[in-house]
Amino acid sequence: MQKTPFFSGKAEVTPKNLGEAIQQAIEIEIATIPVYLFTYYSVNRVPDQDAISGALAQELTRKGMETPEANKVALRLSAEIMVYANKIGATIMSVVMEEMLHMSLSSNLKQALIGQPHLTGRSPSVYPACLPGHEPEFDINLAPFSLDQLMTFLKIESPDPLPETTPLLKAIPYKTIGQFYDMIEKCLEKYDKKLRYSTDRPQLVPGRRYYANNNIDTVYYDINHKAQYMDADDSGDLVHVVDLKSAKKAISQIVEQGEGNTGAPGLNPNGSVDCKPLNDKDYDDKDKKELSHFEKFALLYCEYNELNEKFAQYGLQDINISNYFVLNVPTNPTTAKYPKADKYPEGTIQAVSNLLNAVYTYVFIMTEGCYQADENTQYEIFMFGIHKTMIFILNSLCGDIQGLTYTENGQTFQATATFENYPFGLMSSPKSQLIELYNEAVALYPTISYLAQRFQDLPDVRLTDSPRGK
Amino acid sequence: MSKKSTKIENLGSSNGCGGGCSTPAPAPPSSGTVVPTPIELHVCMGLNACKGHDRYGTNECAGMGLCATAQKHNCHTLNNCRNQGGCGLYGDGEEQSNPGNNDCAWQGSCAVPIQAERYSTQGENTGKSVWVLARKLFEERMKKANRNFGPSPYKCGPPQAWLVESLGSYDSCGNSGNKYCSFGYNNPAEDAKELCEKSEPHLCGTANNK
């Protein structure tokens, strides 16, 4: 497990270590992003219903069901699989978007009280990783969708403390993310007269179209093709942090979106998932339209078991329903350890994976750049840089790399994004290095040739000085 | 459909937009003319303010054009210029309330043209048809300008299947699947009718959207 030492500070937040504490909060948020993204890209949101339905009908007939009935049951079960697979994607994407929002809210907090937030190179560098300072530690893997992976997500977002183990020594310890933010909030309240909020330093503020609660990727369709929206319009937005009131607003939004309102139940005492009906505290918005991250994942967990039970009712308990929509991707892959791709030259996966990691890292470089830029420059970096990179380059490459397969121990795997911190050099700009990486990758893997202009269109944002833990 | 989009590069001294239906179509390019006169750029079927100003240059009247004159694109912020962005699927509530009415290049909310099946995902129009909203805004603009206009070739906008047939290919963005029909379970015609009726009941009537 990767240890993430921050500083040898006290187990409390004070004005002296406030900057380090908020930086720790930022890195807690960042640590969740690659994990959720990895699992998101392990799911085929729109599997082939005809293939699923046909195979199920065949299996039901084999078990003695009359063909017309078998076709009817198979159609229904396959439609439920389609809904569930798409819902997994919508759920995880809705959470990832809010984790990026939380990273920005914490960064605003740091910018207001201390100065430049540091984001580049702060994703976990080794997996299994852990949340910085979380007690107890638990393994966080880059893993495809499964009930085990959902349990990891539930631990990350748990509103209740997890069972005790040995405490950490080198970061501010906490038992839930909400508890950690509570320590920061208490410090802000206690020392309010002493703390100074900058209103000059740039922040990512509301009203500039940087954040929207829903988009087409946070939507899934129910069995009657009615669009279901994972997030609510009133569930949150960016906050310009300028005083204690706005700081508390940013913090409460982070905590409530993750864990729900105060008193929201977590895992059962024995560590199992509570599948009882939802209550008001499980929501994070006043209209009760959006569940907390914890409850979104709990719902997926319970629905997976319900779907399994439905299959069992028809004697299909031996079928692993995940096989219908989870891709065969490795757990905790690294660029360096990927073997040679089938049907492509040596180094192809490495070239594409390096490019992808550089793109992923450049998103953080651009975000840091937003905290140093004037309003219009910030807008251009965000809308033409970050936004377009995420939708048109990163998302595309995450799909394209899965077109590369390799064989290991007789089994075929799809290569997938590793979300590693790319070590940009200082001799040239990150953008020019991105273009070089693209040229290397496209020479080996022409599938990505359509992205050439996208790289040329990126804004040129330089690396910032980013000392660890400051 | 195999009509060519030659008229989009129309040249001439007049853009032919003196009246919505009563004036002649724009003059064909005269020999020796070198200064191009742009025609109106709009984002979809039924949103043209002028006769002869659709992708094919053949429409008889304002509001009756077959297809967009703005450059086709498939997602958020890929529009070339002001008022050339589509709408729905991505962007905040304000962006998604203004199809074809964006302030600047790279500020449109979604793909052009706007297929009938597209809906808004944010703001007051959430869950309702983007094209119907675009048409409503167009009609309001025309009425305010004291202009006549005709009915759209499709009452609820161009179906995606028609766009694919007309343009050779067509797609709008997103990973959540087919906006028209998810499963073998659904009734696409009923879905399309319901979206249209929910969005603007007076515009729609039949399942086939004609």
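These figures come from a predicted structure and were not determined experimentally.
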**Request:** Heavy-atom pairs under 4.5 Å with chain B are the metric here; pick the option from A/His387, A/Arg76, A/Arg209, A/Lys226 that has the most.
**Result:** A/Arg209
**Asked** Considering residues, nucleotides and ligands other than A/Gln58, do more than 12 of their heavy atoms fall under 6.0 Å from its CD?
**Response** no
**Asked** Which region of A/Asp231, side chain (C-beta onward) or backbone (N, CA, C, O), has a non-hydrogen atom less than 4.5 Å from a non-hydrogen atom of chain B, or is it both or neither?
**Response** neither
**Request:** Measure the NZ-OG distance between A/Lys87 and B/Ser176 for me, rounded to the nearest 0.5 Å.
**Result:** 14.5 Å
**Separation of A/Tyr211 OH from B/Asp92 CG (nearest 0.5 Å)** = 12.0 Å
**Prompt:** Is it true that atom CD of A/Gln456 has more than 12 heavy atoms of other residues, nucleotides or ligands lying nearer than 6.0 Å?
**Reply:** yes
**Item:** Flag side-chain contact, heavy atom, 4.5 Å: A/Tyr40 against B/Asn175
**Value:** yes
**Message:** Testing the 3.5 Å rule here: is there a donor-acceptor pair between the side chains of B/Gln122 and A/Asn215?
**Reply:** no
**Non-hydrogen atoms of B/Gly91 and A/Ala212 that approach each other most closely** = O-CB, 3.4 Å
**Side chain, backbone, both or neither of B/Asn187 within contact of chain A (heavy atoms, under 4.5 Å)** = neither
**Item:** A/Leu75 side chain near B/Phe183 side chain, heavy-atom distance below 4.5 Å
**Value:** no
**Request:** May I ask you to decide if B/Ser182's main-chain N or O and A/His225's side chain share a donor-acceptor pair within less than 3.5 Å?
**Result:** yes
**Prompt:** chain A heavy atoms under 4.5 Å from B/Thr126: which part of the residue, side chain, backbone, both or neither?
**Reply:** both
**Message:** Could you check whether any side-chain N or O of A/Tyr221 sits under 3.5 Å from a backbone N or O of B/Gly177, counting only pairs where one atom can act as donor and the other as acceptor?
**Reply:** no
**Message:** Quick check: do B/Thr121 and A/Val219 have side-chain heavy atoms less than 4.5 Å from each other?
**Reply:** yes
**Prompt:** More than 12 non-hydrogen atoms from neighbouring residues, nucleotides or ligands closer than 6.0 Å to NZ on A/Lys288, yes or no?
**Reply:** yes
**Request:** Could you have a look at A/Ile391, A/Thr218, A/Asn213 and say which one has the most heavy-atom pairs with chain B under 4.5 angstrom?
**Result:** A/Asn213
**Prompt:** Where does A/Ala90 contact chain B at under 4.5 Å (heavy atoms): side chain, backbone, both or neither?
**Reply:** neither
**Message:** Please tell me whether B/Tyr90 and A/Asp217 have a donor and an acceptor in their side chains that are separated by less than 3.5 angstrom.
**Reply:** yes
**Asked** Does A/Val83 reach the side chain of B/Tyr185, with side-chain heavy atoms less than 4.5 Å apart?
**Response** no
